[in-house]
Amino acid sequence: MNSDPRDTPPPPERPEIANSPVAPGDAAPPTAAPDPAAARIRIVLVGTQHPGNIGSAARAMKTMGLSRLVLVAPEKALDRDAYAMAAGADDVLEAAPILPDLAAAVADCHWVLGCTARSRRIALEELHPRFAAERVDARAREGAQVALVFGRERTGLNNDELQLCHAAVHIPANPDYSSLNLGAAVQVLSYELRIAALAAAAADPTGDHRDPPASHAQLEGFFGQLGEALDAIDFHKGRAPESAMRKLRRLFLRADLDEREVRLLRGVLADVERMAMLAGQRR
């Protein structure tokens, strides 16, 4: 038997939770204050091939409270697909600078993490995403500028780009099917950063901090001077310097140098170069 639709009671109205007024005397819902540490963390996408993946990364970032996106030499300009996949994170896309190379994107950074597959040609300290996020958050709260770098969809970061990273972070996916697209990888790391930030906010750590960590540009200047000083004293004895310099880079990067320590070391190297020049003049 067919019932008359007029006999069907109307569905109950859904409460408008998001726009419901606050009753007099009720406390307004708390609004989270912006996290200053998040402003010091940037997500760097290198050579991205598909604009939609940039949009997906922007969406992943914004859902976890991150907003600093940097694009390095993307293959295509942002397009309709990028904004569609951003799903409302248009502000993240529109604020993202486009730079010609990774060195320019991280020049003012104090710590740079490269997101890589497990087997790489350049040996870097490899961190689990959760531990990496805790270190990133801690350094950002100390005032450091930190970058998480993601490479091309097909080939990842090349050797020269990995050389600019202080450590690597690897997502331990299923070894039988470890294919993560770019947006998913950014989401995993952004989530871990969110968890680390919430834990730090709950703990509310206080206390004095060390001198500001050395920036990427300061460290690269130190490494350049170190190479010149080693040449001046004929340290390599005719051998190719690349292997020794890679090992020295890893050694000093593990030391997590601050600005004062870099100035001290560069002063030592200046004296080494001066004494080498004097010794050469006496011969």
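Keep in mind the model is a prediction, meaning the values are calculated, not measured.
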Visitor: Should Leu124 and Ile171 be counted in the same cluster of Ile, Leu, Val, Met, Phe, Trp and Tyr side chains packed under 4.5 Å apart?
Guide: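 Hydrophobic grouping puts Leu124 apart from Ile171.
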Visitor: Are side-chain heavy atoms of Asp101 and Val46 found at a separation under 4.5 Å?
Guide: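 No, side chains not in contact.
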Visitor: Taking only residues two or more places apart in sequence or in another chain, which ones pass side-chain hydrogen bond (donor to acceptor under 3.5 Å, both in side chains) with Arg263?
Guide: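 Arg263 satisfies side-chain hydrogen bond (donor to acceptor under 3.5 Å, both in side chains) with no residue once adjacent residues are dropped.
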Visitor: Taking the side chain as every heavy atom from C-beta outward, state whether Glu273 and Gln225 have any atom pair closer than 4.5 Å.
Guide: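 Heavy-atom side-chain distance check passes, below 4.5 Å.
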Visitor: Go through the steps for Thr63 and Ser190 under the test side chain to side chain contact (heavy atoms under 4.5 Å, CB included), then give the verdict.
Guide: CA-CA 8 Å; Thr63 59; Ser190 297; over 6 Å; no
Visitor: Residues two or more places apart in sequence or in another chain: which of them pass ring-ring contact (aromatic ring centres under 6.0 Å, His included) with Phe222?
Guide: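 If we apply the ring-ring contact (aromatic ring centres under 6.0 Å, His included) test to Phe222, skipping adjacent residues, the hits are Phe252.
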Visitor: Apply side chain to side chain contact (heavy atoms under 4.5 Å, CB included) to the pair Val169 and Phe131, showing each step before the final yes or no.
Guide: CA-CA 9 Å; Val169 57; Phe131 179 56; over 6 Å; no
Visitor: Would you say the side-chain atoms of His50 pair up with the backbone N or O of Gly52, donor to acceptor, closer than 3.5 Å?
Guide: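 Side chain of His50 to backbone of Gly52, a donor-acceptor pair under 3.5 Å: no, none is there.
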Visitor: For a quick test of your reading: what N or O donor-acceptor pairs under 3.5 Å do the side chains of residues 72-87 make, sequence neighbours left out?
Guide:
from: Asp79; atom 1: OD1; to: Asp81; atom 2: N; distance (Å): 3.1
from: Asp79; atom 1: OD1; to: Ala82; atom 2: N; distance (Å): 3.1

Visitor: Do the non-hydrogen side-chain atoms of His128 and Pro172 ever get within less than 4.5 Å of each other?
Guide: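 Of all side-chain heavy-atom pairs linking Pro172 with His128, at least one is under 4.5 Å.
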Visitor: Under the ring pair (Phe, Tyr, Trp, His ring centres under 6.0 Å) definition, can you give me all pairs with a residue in residues 174-193, not counting sequence neighbours?
Guide: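 As it turns out, there is no ring pair (Phe, Tyr, Trp, His ring centres under 6.0 Å) pair with a partner in residues 174-193 once direct neighbours are skipped.
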Visitor: By side-chain hydrogen bond (donor to acceptor under 3.5 Å, both in side chains), which residues pair with Glu134, not counting sequence neighbours?
Guide: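 For Glu134, no residue satisfies side-chain hydrogen bond (donor to acceptor under 3.5 Å, both in side chains) once neighbours in sequence are set aside.
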Visitor: Minimum heavy-atom separation for His170 and Thr116, please, with both atom names.
Guide: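 Nearest heavy atoms, His170 then Thr116: ND1-O, 3.3 Å.
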Visitor: Can Gln49 and Arg152 be said to form a side chain to side chain donor-acceptor pair (under 3.5 Å), step by step?
Guide: CA-CA 7 Å; Gln49 294 151 322; Arg152 300 155 191 83; over 6 Å; no
Visitor: Would you give me the side-chain donor-acceptor pairs under 3.5 Å for residues 226-238, sequence neighbours excluded?
Guide:
from: Lys237; atom 1: NZ; to: Asp234; atom 2: O; distance (Å): 2.9

Visitor: Does Glu192 use its side chain to pair, donor to acceptor, with the backbone of Leu189 at less than 3.5 Å?
Guide: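 Here the side-chain-to-backbone pair does not exist.
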Visitor: Has Arg42 got a side-chain atom pairing as donor or acceptor with Leu69's backbone, closer than 3.5 angstrom?
Guide: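 No; judged by distance alone, with no hydrogens or angles, the pair does not exist.
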Visitor: Is there a side-chain contact between Val112 and Val149 in this structure, where contact means two heavy atoms from C-beta onward sitting under 4.5 Å apart?
Guide: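 In short, these two side chains touch, coming nearer than 4.5 Å.
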Visitor: Quick one: list whatever passes side-chain hydrogen bond (donor to acceptor under 3.5 Å, both in side chains) with Glu153, sequence neighbours left out.
Guide: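 Scan of Glu153 (side-chain hydrogen bond (donor to acceptor under 3.5 Å, both in side chains), adjacent residues dropped) gives Asn53.
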Visitor: Suppose we screen for salt bridge (charged side-chain N to carboxylate O under 4.0 Å, His left out). Which residues come up paired with Arg254, at least two apart in sequence or across chains?
Guide: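 In terms of salt bridge (charged side-chain N to carboxylate O under 4.0 Å, His left out), with neighbours along the sequence ignored, Arg254 is linked to no residue.
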Visitor: For Arg266, check salt bridge (charged side-chain N to carboxylate O under 4.0 Å, His left out) against everything at least two apart and list the hits.
Guide: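 Not a single residue meets the salt bridge (charged side-chain N to carboxylate O under 4.0 Å, His left out) criterion with Arg266.
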Visitor: Please check this pair: side chain of Arg40 against backbone of Ala140, looking for a donor-acceptor N/O pair closer than 3.5 Å.
Guide: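 Present.
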Visitor: Applying ring-ring contact (aromatic ring centres under 6.0 Å, His included), can you list everything that pairs with His110, at least two apart in sequence or on another chain?
Guide: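 His110 satisfies ring-ring contact (aromatic ring centres under 6.0 Å, His included) with no other residue.
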Visitor: Calculate, to the nearest 0.5 Å, the distance between atoms OG and CG belonging to Ser67 and Asp91 respectively.
Guide: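 Nearest 0.5 Å value for the OG-CG distance: 8.0 Å.
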Visitor: Which atoms form the tightest heavy-atom contact between Arg135 and Leu127, and what is the distance?
Guide: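 It is NH1-CD2, 3.6 Å.
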Visitor: Testing the basics here: between Trp111 and Ala167, what is the closest heavy-atom pair and its distance to 0.1 Å?
Guide: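 Shortest heavy-atom separation between Trp111 and Ala167 comes out as CZ2-CB, 4.3 Å.
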Visitor: Using salt bridge (charged side-chain N to carboxylate O under 4.0 Å, His left out) as the criterion, list what pairs up with Arg249, not counting sequence neighbours.
Guide: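 If we apply the salt bridge (charged side-chain N to carboxylate O under 4.0 Å, His left out) test to Arg249, skipping adjacent residues, the hits are Glu220.
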Visitor: Decide side chain to side chain contact (heavy atoms under 4.5 Å, CB included) for His216 and Leu164; before the verdict, give the C-alpha distance in whole Å, the side-chain angles of both, and the deciding distance to 0.1 Å.
Guide: CA-CA 8 Å; His216 199 275; Leu164 297 175; 3.8 Å; yes
Visitor: Taking the side chain as every heavy atom from C-beta outward, state whether Leu45 and Val186 have any atom pair closer than 4.5 Å.
Guide: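 Yes, side chains in contact.
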Visitor: Closer than 3.5 angstrom, by distance alone: can the side chain of His166 be matched with the main-chain N or O of Leu253 as a donor-acceptor pair?
Guide: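 Looks like no, no N/O pair under 3.5 Å.
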Visitor: List the residues meeting side-chain hydrogen bond (donor to acceptor under 3.5 Å, both in side chains) with Arg194, not counting sequence neighbours, and say none if there are none.
Guide: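 Result, side-chain hydrogen bond (donor to acceptor under 3.5 Å, both in side chains) vs Arg194: none returned.
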